[in-house]
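Quick notes on the structure that follows.
Keep in mind the model is a prediction, meaning the values are calculated, not measured. Below, chains carry the letters A, B, ... as their sequence lines are ordered, and counting in each starts from 1.
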There are 2 protein chains.
Amino acid sequence: MLVEDTLAHTLAQRGYKLTQPRRAVLKVLAAAGATLTPAEIHRRARSHCLHTGLVTVYRTLDLLTACGAIRKVHHADGCHAYALASGGHAHHVICECCQSVVEFDNCDLGTLLAAVQRRTGYQISGHWLELFGLCPNCRP
Amino acid sequence: MLVEDTLAHTLAQRGYKLTQPRRAVLKVLAAAGATLTPAEIHRRARSHCLHTGLVTVYRTLDLLTACGAIRKVHHADGCHAYALASGGHAHHVICECCQSVVEFDNCDLGTLLAAVQRRTGYQISGHWLELFGLCPNCRP
DNA sequence: GCCCACATTGAAAACGGTTTTCAGTTAGGA
DNA sequence: TCCTAACTGAAAACCGTTTTCAATGTGGGC
């Protein structure tokens, strides 16, 4: 199934309507292999549905985030970008040059978490890991 | 040496003046064992130096961040908080209840990074790890 | 200890991203 | 096809952050 259809299905399944502007946002997210800011998503969405408003972009991003279909990623200079999240627990590797992003889910932090827990006394319930680097295309 | 003095030394060493408002911000940061937002730092700083402006708080935070003495921490709902960073590479464990924070530096991600690098083709140059949980005081 | 250059300050205004408001529009089940 | 609740876009509100600028304070030199 196409990524766009998967996203559409996710929304439809929860009773949300599939309007033209929403579909435009889904298309953009499905086509992008990189992290995108709301503004950039808005710009691209207009080529699919001319009158798409920035407000609708934000609202759709909120919906998809709540569904777990996308995830906010945090760059050094702020946390304004979104990336597809293929469900379940996963993390992202982000290219510092072209912003391209891939997921990975084999985050085996068990040993580390246990050590920190023992040392600090904190009962750790969640973690957050993001990797930065250069994708194969951006290497010199 | 007191934390406040360490911070003051860091600034003085680089030729920055130690003004009353700046000292107030340092005091607040040194006394807080938790992550603080600029607004909260401002509120507290006023009890040390009455007329401290929010602008000065931001400017001082920028200086200290540039020096590596503090670090911006990223919560799920935004990245508006700062925490002391005792120099060098380190990460934070943050209490989801009271925002208290402790550092840990034994982040042995070597194996994980190598695996991801091999699997994705990305040349990984940096990472970012934050742990969330409950501190000993906030556990039921 | 006093002076002076210049870094630093605070108030207000500007700024940019995000959210709310609200009247008009649209999707999709009956 | 019709109807209603969900959805929409434009504008305004909002909020955290940055810039501007004239006034002030620090700390090195004397």
Quiz question: by atom type and distance under 3.5 Å, do the side chains of [X] and [Y] form a donor-acceptor pair?
| X | Y | answer |
| --- | --- | --- |
| Ser100(B) | Tyr122(A) | yes |
| His127(B) | His89(B) | yes |
| Glu130(A) | His75(A) | no |

Between [N] atom [atom2] and [X] atom [atom1], what is the distance in whole Å?
| X | N | atom1 | atom2 | answer |
| --- | --- | --- | --- | --- |
| Leu63(B) | dT9(C) | CG | C1' | 13 Å |
| Leu61(B) | dT9(C) | CG | P | 12 Å |
| Tyr82(B) | dG16(D) | OH | P | 14 Å |
| Leu11(B) | dG27(D) | CG | P | 11 Å |
| Leu54(A) | dG16(C) | CG | P | 14 Å |
| His42(B) | dA11(C) | NE2 | P | 8 Å |
| Asp62(B) | dT19(D) | CG | C1' | 13 Å |
| Leu50(B) | dT9(C) | CG | P | 16 Å |

Using the 3.5 Å cut-off, write out each protein N or O paired with an N or O of nucleotides 28-30 of chain C and the distance between them.
from    : atom 1 : to       : atom 2 : distance (Å)
dG28(C) : OP1    : Leu18(A) : N      : 3.0

Is any side-chain N or O of Arg59(B) closer than 4.0 Å to OP1 or OP2 of dT18(D)?
no
Looking at dT26(D), I'd like to know if its phosphate oxygens (OP1 or OP2) sit under 4.0 Å from a side-chain N or O belonging to Arg22(B).
no
With the 4.5 Å side-chain cut-off for hydrophobic clustering, are Leu26(A) and Val28(A) part of the same group?
yes
5'-most by nearest nucleotide on DNA chain D - Lys72(B) or Gln20(B):
Lys72(B)
His74(A) and Trp128(A): aromatic ring centres closer than 6.0 Å?
yes
On DNA chain C, more 5' by nearest nucleotide between Val57(B) and His80(A) is Val57(B)
Contact class for Thr37(A) vs. all strands (heavy atom < 4.0 Å): base, sugar-phosphate, or nothing?
nothing
May I ask you to decide if Ser86(B)'s main-chain N or O and Glu103(B)'s side chain share a donor-acceptor pair within less than 3.5 Å?
yes
Give a yes or no on whether Arg119(A) atom CZ has more than 12 heavy-atom contacts from other residues, nucleotides or ligands under 6.0 Å away.
no
